[in-house]
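Heavy-atom basis, side chains included; hydrogens, waters and symmetry copies ignored. Proteins come first, then strands; the chains are lettered A, B, ... in the order of their sequence lines, and each starts at number 1.
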Amino acid sequence: MKIYSWNVNGIRAVAKKGFLDWVDEEKPDILCLQEIRIQEEQLQKKLKNIDGYYSYFNYGERKGYSGVAIYSKEEALSIEKGIGIDKFDEEGRVITAKYPNFTLVNIYFPNGRSSKERLQYKLDFHEAILNYCNELRAEGEKVIVCGDYNIAHKEIDLKNPDSNKDKSGFLPIERKWIDKIIEQGYVDTYREFYPDTEKYSWWSYRTRARERNAGWRIDYHFVSKDLMEQVQSAEILNDVMGSDHCPVLLELAD
DNA sequence: CGTAATACG
């Protein structure tokens, strides 16, 4: 089965640029979206009810901000919105779907660049998420934790590591958190299959970064290592619809 | 610069 993760940066924007045709062509079994930037009353029926899919949403409280979604061919056994901590849950960053063989956690991690307060919020979010995922594992769940992490792990994961060592997204403390989740038994599936490939999943719109390939790999499928025997491939897909993020793909044995 | 509502990424 194919599990996609994609920061769409506005579901209404991609809806205008062929999102539904793309879903029809790719036929994801599960599609996780981040930054849908919409609220329930704004969501068109054609986006809520895609043929052949169940859909689940966690909206941010601020209009036009954050929000995550899961589209799924198979109905989830259960859905949880947020992680039970108000200051994080109000931003609509996490949605969790249980399936018979695994639990899928779809996350839009905070961006830490706008202020030191938002950086601290991001760091606090990291700890809360690790606790949340570890609790799922303690309950016996195999977990997939996908989404826009807003962190490049190592120098290979961004074009300009030197000039970004003091920027949120590539700070030592953020990179160490990725080290920590790996130590605790989560696997960066793309890097597992491609240990030496320099490929990115995001390019800033601001500085025409795409033309220079000044990108970052910040979109991941991590899995608990007890799932690795079922992982068949992990990929970063090509540019679609001129978005700043590319979709990333995890393929599991059925 | 792009998205969606005036800020945020």
Q: Would you mind building the protein contact string for nucleotides 4-9 of chain B? One character per nucleotide, 5' to 3', B for base within reach (heavy atoms under 4.0 Å), S for sugar-phosphate only, - for untouched.
A: SS-SSB
What pairs of donor and acceptor atoms, side-chain ones from residues 225-236 of chain A against any protein atom, are under 3.5 angstrom apart with sequence neighbours left out?
unit_1, atom_1, unit_2, atom_2, d
A:D226, OD1, A:S224, OG, 2.5
A:Q230, OE1, A:N101, ND2, 2.3
A:S233, OG, A:E251, OE1, 3.2
A:E235, OE1, A:Y194, OH, 3.1
A:E235, OE2, A:Y194, OH, 2.8

(Q) Connecting only ILVMFWY residues whose side-chain heavy atoms lie within less than 4.5 Å of each other, what is the rest of A:L237's hydrophobic cluster? (A) A:Y4, A:W6, A:V8, A:I11, A:V14, A:F19, A:L20, A:W22, A:V23, A:L31, A:L33, A:I36, A:I38, A:L43, A:L47, A:I50, A:Y53, A:F57, A:Y59, A:Y71, A:V240, A:M241, A:L249
**Q.** Other ILVMFWY residues reachable from A:V94 by side-chain steps of under 4.5 Å
**A.** A:I83, A:I85, A:F88, A:V105, A:I107, A:F109, A:Y121, A:F125, A:I129, A:L130, A:Y132, A:L136, A:V143, A:V145, A:Y149, A:I151, A:W177, A:I178, A:I181, A:I182, A:Y186, A:Y220, A:F222
Sequence neighbours excluded and cut-off under 3.5 Å, please list the side-chain donor-acceptor pairs for residues 154-161 of chain A, or say none.
unit_1, atom_1, unit_2, atom_2, d
A:E155, OE2, A:K165, NZ, 2.7
A:D157, OD1, A:R191, NH2, 2.5
A:D157, OD1, A:R217, NE, 2.8
A:D157, OD1, A:R217, NH2, 3.2
A:D157, OD2, A:K154, N, 2.9

(Q) Please check: side-chain N/O of A:S201 versus main-chain N/O of A:C246, any donor-acceptor pairing under 3.5 Å? (A) no
Please report, rounded to the nearest Å, how far the [atom2] atom of [N] is from the [atom1] atom of [X].
X	N	atom1	atom2	value
A:M241	B:dG2	CE	P	17 Å
A:R212	B:dC1	CZ	C1'	12 Å
A:R208	B:dG2	CZ	C1'	15 Å

Q. Do the side-chain N or O atoms of A:K17 get closer than 4.0 angstrom to the phosphate oxygens (OP1, OP2) of B:dG2?
A. no
Q: Sticking with atom P, work out how far B:dA4 lies from B:dG9, rounded to a whole angstrom.
A: 15 Å
Q) Can you list the residues that meet the ring pair (Phe, Tyr, Trp, His ring centres under 6.0 Å) rule with A:Y99, with sequence neighbours excluded? A) A:F102
